[in-house]
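What follows is one structure encoded as structure tokens, with my remarks underneath.
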Amino acid sequence: MFTLKRTHTCGALRAADAGATVNLNGWVEARRDHGGVLFIDLRDRYGKTQVVFKPGQTSGPLMEQAMLLRAEWVVAIRGSVRARPAEAVKKGVETGEIEVEALQLEILNESKVPPFEVTEHVDVSDEIRLKYRYLDMRRKPMQRNMMTRHRIIAAFRESMDQQGFLDLDTPILIKNTPGGARNFLVPSRLHEGQFFALAESPQIFKQLFQVAGMDRYFQVCKCFRDEDLRADRQPEFTQFDLEMSFVDEGDVQAAVEHAVSNVFKKVLGVELKRPFPKMTYAEAMDKYGSDKPDIRFGMHLVDVSELAKASAFRVFSEAISTGGVVKGICVAGGGTMSRKEIDDLTTYVKGNGAKGLVWLKAEAGSLGGSSAKNFKPEELAALREKMGAKDGDMLFFVADERGRCKVALGGLRTHLGAKLKLIKEGTWEPFWVVEFPMFEEGPEGKPQAKHHVFTSPKPEDLQFLETEPLKVRARAYDLVLNGVELGGGSIRIHRKDVQGRVLAVIGLQESDIREKFGFMLDAFDFGAPPHGGIALGVDRFVMLLLGLDTIRDVIPYPKTQKGQCLMQNAPSGIIPRQLDELHIALKLPPLEKKT
RNA sequence: GGGGGCGUAGCUCAAUUGGCUAGAGCAUCGGAUUGUCGAUCCGAAGGUUGCGGGUUCGACCCCCGUCGCCCUCGCCA
């Protein structure tokens with residue numbers, strides 16, 4: 001029986017409702033039995049309301065029924081709203097001024113004792129949370145995360161609609177095109193021996209929308225990548241995806257800024273300054289050692305290679321003579337660091353590929369520390385000057401091959417920013433990283449696309465395409481916020497000849513190009529407009545706005561680091577008949593390989 | 001595939017150098033309790049120390065293997 005359908009949610013009632021007779025539906029979160037009076041906290045996603053059963057006012061049978069209630073039972077209650085006695089008002093709770101005096105109770109469902117207490121007050125391991133995700137999501141933090149996720153997506157959609165974008169979907173089952181992220185494969189029953197891939201992004205389809213004249217497409221879409229997981233990477237994740245025609249970089253960026261700003265305004269009440277600033281890739285790497293720097297604190301990387309070249313300190317001079325660089329950072333007030341802390345930092349940079357960490361303390365108008373003896377006094381003075389150090393500061397240097405030096409020192413900068421709490425929390429400084437290189441050096445020195453093969457080179461760099469590909473800059477842009485890459489996009493190639501040249505640079509044979517991208521190039525034969533777009537990671541976006549450090553907490557049903565669903569126990573084997581239908585034979589590695 | 005951390009009661013954790021009956025808080029169950037709200041008080045029950053092997057007089061602790069969760073490198077255009 002379910003007759004007492006709710007008239008109010010568990011978060012709705014206020015002092016002004018006193019006297020009303022209402023129905024509430026929800027879960028029993030807590031039960032406080034005082035021998036006479038019995039309190040029940042009733043919970044739904046809107047809040048909690050205290051229900052009270054009082055001897056004298058509550059009938060005997062109803063009291064008996066109420067005594068049965070346990071945590072997580074689902075009930076419907078009819079009762080009258082009462083203002084609480086002044087001394088019993090619960091401050092800081094929206095429904096704290098009232099309670100509902102029960103008149104009637106329907107037990108809609110009982111519950112086993114849950115594996116963990118369904119309250120935000122207890123810590124539960126990820127493993128247990130994922131196994132019982134439906135219980136985890138009953139708790140306030142996950143409810144908040146899911147509601148925020150919804151509001152972010154809604155605000156994004158609202159902006160897209162306002163700007164005239166069409167919400168169109170694209171296939172999940174698509175052609176397998178090796179290269180880039182590994183695809184999940186789906187065998188085709190109707191075509192024996194053939195496979196679909198799950199879309200790793202709608203990239204090609206959204207570009208073909210532009211050829212189709214569907215100017216201004218967007219989608220909130222699932223993408224699938226069969227790669228190893230991280231705190232911010234799941235095998236299936238969600239993107240804000242958009243593409244527009246007859247545009248340049250500025251048009252795409254403006255559209256995204258409108259949407260991102262709307263999200264911040266609607267969800268956080270924060271007005272972002274537009275347009276977002278831009279930083280070139282070269283500057284990001286030079287000053288921060290990262291293509292997604294956290295610019296909420298300074299501590300820039302300083303190149304001291306000129307000083308290092310002639311240095312008596314061989315670690316420095318040899319790094320330069322072998323073609324490397326020496327860079328440093330200045331930690332304001334870091335002079336008080338202990339030897340142990342410095343050792344930990346050394347371990348940290350070594351983990352990022354550096355050979356070691358040189359440290360010098362700014363003190364007594366010069367530089368000290370165990371490495372200081374390797375330098376002449378005037379060298380120390382010059383270093384101090386170049387690094388802008390004051391007494392009490394700590395200087396760290398990494399001498400290494402250019403790329404490794406930036407990565408190691410950039411990593412150290414980020415690490416120190418968090419460790420020393422240099423980051424201004426609650427500040428939002430989104431910006432664009434632009435002028436990415438078109439290619440990067442792949443294995444065996446072969447150029448490979450840094451963004452993707454449909455990214456347009458800058459026209460003025462086209463002349464180097466075949467001769468010095470690594471020098472070519474792309475019309476690509478990444479949106480970076482608080483050290484997180486929120487997404488990236490580009491102006492695409494819309495001319496078949498240029499597309500062919502780019503594919504050739506990365507070493508694709510004519511036949512490969514036909515097989516993989518033939519339909520795309522064919523489409524370009526029929527009048528492709530100039531176009532461009534971007535994709536943003538929804539999960540990362542939500543994580544960032546909520547100040548969390550894993551996207552698992554903003555995805556309703558995420559996978560573990562081994563890519564499994566602990567609730568369903570997926571993936572799992574299939575029965576022989578299913579394999580037969582697909583004409584698939586398993587070839588498993590031997591179970592045990594013991595010698 | 002590599003490196004690291006963790007795995008003890010339903011949950012979160014403790015257990016000295018390898019040593020006595022493996023403990024605590026919460027949850028659960030029973031009792032008490034008429035204004036609590038993460039109620040309180042009294043009591044009870046609850047353990048294959050992830051699993052398998054080894055070393056030892058003796059293993060939660062040491063060794064080998066294995067499974068799981070997490071972080072990370074590779075990888076993720």
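For the numbers below, each heavy atom of this structure counts, side chains included, while hydrogens, waters and symmetry mates do not. The shown structure was predicted, so the numbers you read here are calculated from the model rather than taken from an experiment. Lettering follows sequence order; numbering is per chain, from 1.
Here the C1' atom of nucleotide B:G30 and the CG atom of A:D33 are 13 Å apart, to the nearest Å. Here the P atom of nucleotide B:C76 and the NZ atom of A:K559 are 21 Å apart, to the nearest Å. Put simply, NZ on A:K90 is 8 Å from C1' on B:G38, counting in whole angstrom units.
Partner assigned to B:A24 is B:U12, using Watson-Crick or G-U wobble distances below 3.5 angstrom. In this structure B:U66 sits in a base pair with B:G50, meeting the Watson-Crick or G-U test at under 3.5 Å.
From A:D123, atom CG reaches atom CD of A:E117 across 11.5 Å, with rounding to the nearest 0.5 Å.
Ring planes of A:Y217 and A:F209: tilted class, angle from 30 to 60°. Ring geometry for A:F524 against A:H531 counts as perpendicular: the plane angle is over 60°, on a 0 to 90° scale with 30° as the lower cut.
Nearest to the side-chain atoms of A:H34 among the listed nucleotides B:C70, B:U34, B:U28 stands B:U34.
Within 4.0 Å (heavy atoms only), A:K450 reaches sugar-phosphate atoms of the nucleic acid but no base atom.
There is no side-chain donor-acceptor pair under 3.5 Å between A:Q561 and A:R233.
Contact annotation: side chain of A:R84 to base of B:C37, donor-acceptor pair present below 3.5 Å.
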